[in-house]
Amino acid sequence: MSNKMWGGRFSERPDAIMEEINVSIDVDRHLYAQDIAASKAHAAMLAKQGIITASDAKNIAKGLDTILSEIEQGKFTFKRALEDIHMNVESRLTEIMGPAAGRLHTARSRNDQVATDFRLYVRDTLDETDAALAALRLALVDRALEHAETVMPGFTHLQTAQPVTFGHHLMAYVEMTARDRGRFQDARKRLNESPLGAAALAGTSFPIDRHATAKALGFDRPMNNSLDAVSDRDFVLETLSAASICAVHLSRLAEEIVIWTSPLVGLVRLSDKFTTGSSIMPQKRNPDAAELVRAKTGRIIGALTGLLIVMKGLPLAYQKDMQEDKQGAMEAFGALSLAIRAMTGMVLDIVPDEARMHAAAGEGYATATDLADWLVRTLKMPFRDAHHVTGRIVARASKDGVALHELPLAEMQAIEPKITAAVMAVLSVESSVKSRVSYGGTAPKNVKAQAKSWLKRLEKERKLG
Ligand code: ARG
């Protein structure tokens with residue numbers, strides 16, 4: 001038997017391989033809730049416009065509700081022969097209410113249907129991501145406030161550079177993930193237009209009301225151009241782009257956690273909750289969650305790259321290539337959600353080794369810049385000369401195997417006679433971070449102010465929710 005949805009001009013069954021390559025139900029079954037919501041909106045509009053009768057619309061809505069609960073209770077049998085979610089739902093609706101179910105497909109096509117369903121799905125994903133990111137930012141801000149004064153080494157080139165505070169470091173990720181949120185919000189704004197009613201590609205001759213279905217589905221407006229409505233997947237690409245950038249941000253913190261927890265570094269510790277042991281080496285505590293957050297980035301960027309390549313060069317309007325838009329994207333959204341939640345857990349779990357951080361912050365002559373700045377400020381030396389003098393002092397200390405604050409004053413004076421004992425005050429890591437009061441700098445008082453203002457902002461966002 002040929003396909004009953006479109007089999008009118010077909011007399012033979014598709015080849016098994018044809019069915020295998022064509023079927024999408026394993027993936028698009030995840031769109032069931034959106035598909036049913038869009039069908040209900042469409043049916044109600046058709047009745048309101050006098051295109052189908054009120055009683056047909058009522059039966060269609062009732063049937064669709066039944067299908068929704070069947071799927072949710074795991075009682076629905078998805079049939080591969082019916083290709084996709086749209087035909088599975090419609091076929092079941094026909095079983096439930098008879099041939100009048102066929103009226104639902106008036107003035108629409110699977111092309112505008114799938115575009116609508118996937119927009120709704122991605123919109124739901126964006127809303128979930130927003131909530132997950134809010135929880136992550138709150139965790140980061142809370143820990144930053146707690147550790148606004150905890151001194152740690154700041155790095156450039158992964159070499160000890162200048163002392164910073166752990167709170168300041170965490171707050172950097174608050175800023176990054178806040179921009180991620182902004183990107184997701186932008187994507188949501190552009191996404192939120194309805195393709196429904198574009199039909200196959202050209203619109204329809206029926207007197208439909210696209211504004212009504214758009215409104216019923218929470219879209220801001222219908223899309224202006226029917227060809228565009230069924231052809232573009234830029235809303236998926238844009239969301240995946242934002243997801244990729246977000247994942248890259250998460251991967252950097254994940255990598256830092258991997259580095260910091262290495263026994264070679266030992267700046268922080270994760271509890272048993274976020275580590276695993278080794279089956280052979282009893283002493284091991286592996287930061288698997290951090291490693292996996294780092295790795296999920298590959299899957300997310302892969303999905304973006306994959307879909308960009310699918311879409312590249314596709315002529316208008318719908319092409320079956322576009323059926324490949326969902327699997328990678330859905331997996332990527334799942335991976336991002338997991339990565340954000342795992343990172344939130346780790347941020348809450350992490351315990352810095354404050355003594356180790358403090359010691360490491362002072363290693364590698366991390367306060368050399370403070371010494372140079374003191375020479376500029378107190379002795380009115382040009383910075384370049386101060387840099388040179390400091391370099392010589394560091395070389396002296398390094399030769400003697402001592403830290404800067406351990407080098408006797410006389411040794412410093414042998415290099416620069418005008419140096420006084422007052423210099424000692426700027427050589428400790430505490431005074432170094434305390435002095436970095438420029439806007440956005442690492443001084444504990446800045447970090448506290450930033451963290452508190454973020455707490456207020458997060459609270460406001462939560463209320464607007
Ligand atoms: N399963 C299809 C997809 O995901 C639905 C649209 C099919 N349209 C068509 N004309 N065959 O893209």
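Just so you know, ligand 1 is whichever comes first in the structure, and atom 1 is the first atom listed for that ligand.
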Short N/O distance, under 3.5 Å, between Y318 and ligand 1? yes
Between E238 and the options R190, R183, K189, the salt bridge (Lys or Arg N to Asp or Glu O under 4.0 Å) test singles out R190
Has the side chain of D321 got a donor or acceptor atom that lies under 3.5 Å from a matching backbone atom of V310? no
Approximate separation, where rounding is to 0.5 Å, of T261 OG1 and M346 CE: 9.5 Å
Is the Y121 ring parallel, tilted or perpendicular to the F333 ring (thresholds 30°, 60°)? tilted
Salt bridge check, E193 against R119: does any charged N sit closer than 4.0 Å to a carboxylate O? no
In ligand 1, the atoms that come under 4.0 Å of a heavy atom of D84 are 1 (N), 2 (C), 5 (C)
Is D28 touching ligand 1 with its side chain, its backbone, both, or neither, if touching means heavy atoms under 4.0 Å apart? side chain
Under 4.0 Å from ligand 1, counting heavy atoms only, is it the side chain of K326, its backbone, both or neither? side chain
I need the nearest protein heavy-atom contact for atom 11 (N) of ligand 1: residue, atom name and distance, please. R110 NH2, 3.4 Å
Where ligand 1 meets Q323 - atom numbers and elements under 4.0 angstrom, heavy-atom basis: 1 (N), 2 (C), 3 (C), 4 (O), 12 (O)
Do R92 and F78 form a cation-pi contact, if we require the NZ or CZ to be under 6.0 Å from the six-membered ring centre and within 45 degrees of the ring's axis? no
Relative to the heavy atoms of S24, which atoms of ligand 1 are at a distance of less than 4.0 Å? 1 (N)
Measuring from atom 10 (N) of ligand 1, which candidate in N111, L31, I85 has the nearest non-hydrogen atom? N111
